[in-house]
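Written below as structure tokens is the structure these notes are about.
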2 protein chains.
Amino acid sequence: MSRRNQLGDLQLAIMRVLWSEGEASASAVHRALWDERGLAPTTIATMLRKMEHKGVVSHALEGRKFVYRPETTEAGVRRSMVEQLAQRLFGGDVAAFASYLISENEIDSAELSELEKLVAQKSRKEKETR
Amino acid sequence: MSRRNQLGDLQLAIMRVLWSEGEASASAVHRALWDERGLAPTTIATMLRKMEHKGVVSHALEGRKFVYRPETTEAGVRRSMVEQLAQRLFGGDVAAFASYLISENEIDSAELSELEKLVAQKSRKEKETR
DNA sequence: ACTTGTTAACTACCCAGGTAGTACTATCGT
DNA sequence: ACGATAGTACTACCTGGGTAGTTAACAAGT
């Protein structure tokens, strides 16, 4: 649902800062992303304004500077974005998607056993509720 | 790798036609997508030109009409697009991605056993090669 | 030869992500 | 009181996806 939660790369980076800080001013976000991206402060500020217009963040006046807060959760964004890709590539078939991920990628054995456990667990639960 | 393989929605739809037909003229693609999208023929033609510029299709003159051929495979596109999302959302951690897909979505029990089998198989292979 | 229909080229928009310069304003240190 | 600094607003530009109208070329029917 909602194309509102479809975020670009920079937008995600910004959201990650906001999610981890809870809230942050434009300059704080800028500082947080400086090492990784080296963008101009105005770029961050502009992006934040665009994101507010889109509804994924909101701002409040605190003292004399803006403080931005996330208006969407990481889980929600993940959900929407994964869902969209699942739709586009696998016609919404999540199992096919998972199966693809597992068979077409390197996964070390520790992680494989984790996955095995997870699937087994879910499988068990599935049977209980029926 | 390659942002060339990042396709939009319409582009994917067009590629799907080309992949399944092997090759097709602009109007053939238009006909194939008419029911599902109802777009103007020029829209398809324009998109095909843009896609050629991008390098994902090529055209050849056949008689007096263009015939477009895919220059990228479905597997390649899937790979790139999944990889990009994995990067964006899970820092490239495929196992985390798979784990997310499985735990956060409805998957019926038949598919769960399939997954179980798949993981077990891969796990076994992993051990053999070490 | 003239009209008609198909196809391709060109051009134009809109939208959103991304990037940033410039201008304005308010605050702070001296 | 004044200049430096910080922070925001406005504007602009590029790219790429998506959508389509207009025009030009040409083939074919009558």
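Computed from a prediction, not measured in an experiment: that's the story for all the values here.
In this structure, Ile44(A) places its CD1 atom 10 Å from C1' of dG18(C), rounding to the nearest Å. Separating the CD atom of Gln6(B) from the P atom of dG16(D) is a distance of 13 Å, rounded to the nearest angstrom. Between Phe66(A) atom CZ and dA6(D) atom C1' the separation is 13 Å, expressed in whole Å. As a whole-Å value, the separation of Met15(A) CE from dG18(C) P is 13 Å. Rounded to whole Å, the distance from CG on Leu7(B) to C1' on dG17(D) is 11 Å. The separation between Lys65(B) atom NZ and dA27(D) atom P is 14 Å, rounded to whole Å. Between the C1' atom of dA20(D) and the CG atom of Leu48(B) lies a distance of 15 Å, rounded to the nearest Å. When the P atom of dG18(C) is taken as reference, atom CE of Met51(A) falls 9 Å away, rounded to whole Å.
OP1 or OP2 of dG17(D) sits under 4.0 Å from a side-chain N or O of Lys54(B).
Of all nucleotides listed (dG18(D), dT8(D), dT19(C)), dT19(C) comes nearest to the side chain of Leu10(A). Out of dT22(C), dT27(C), dG17(D), the shortest distance to the side chain of Arg64(A) is found at dT27(C). With dT11(C), dT11(D), dG18(C) as the choices, the nucleotide that has an atom nearest any side-chain atom of Thr46(A) turns out to be dT11(D). Comparing atom distances between the Thr43(B) side chain and each of dC10(C), dG18(D), dA20(D) picks out dA20(D) as nearest.
A single hydrophobic cluster is seen to contain both Val82(B) and Trp19(B), as judged by linkage of ILVMFWY side chains at heavy-atom distances under 4.5 Å, directly or through other members.
Residues Lys50(A) and Gln11(A) have side chains that never bring a donor and an acceptor to within less than 3.5 angstrom of each other.
Contact annotation for Ser25(B): no contact, since no heavy-atom pair falls under 4.0 Å across all strands. Ala40(B) comes within contact range of the sugar-phosphate backbone alone, with a heavy-atom separation under 4.0 Å but no base atom that close. In this structure, Arg49(B) reaches the bases: a heavy-atom distance under 4.0 Å links it to at least one base atom across the strands shown.
Atom CG of Asn5(A) and atom CD of Gln84(A) lie 11.0 Å apart (nearest 0.5 Å).
Residues Leu115(A) and Lys122(B) are not in side-chain contact: their nearest non-hydrogen atoms beyond the backbone lie 4.5 Å or more apart.
If you check distances only, the side chain of Lys50(B) never reaches the base of dG16(D) with a donor-acceptor pair under 3.5 Å.
Test Val56(B), Val57(B), Val29(B) against Ile14(B) for side chain to side chain contact (heavy atoms under 4.5 Å, CB included) and you get one pass: Val29(B).
For the pair Arg88(B) and Ser27(B), nearest-nucleotide mapping onto DNA chain C gives the more 5' position to Ser27(B). Projected onto DNA chain D by closest heavy-atom contact, His53(B) and Arg37(B) fall at different nucleotides, the more 5' of which corresponds to His53(B).
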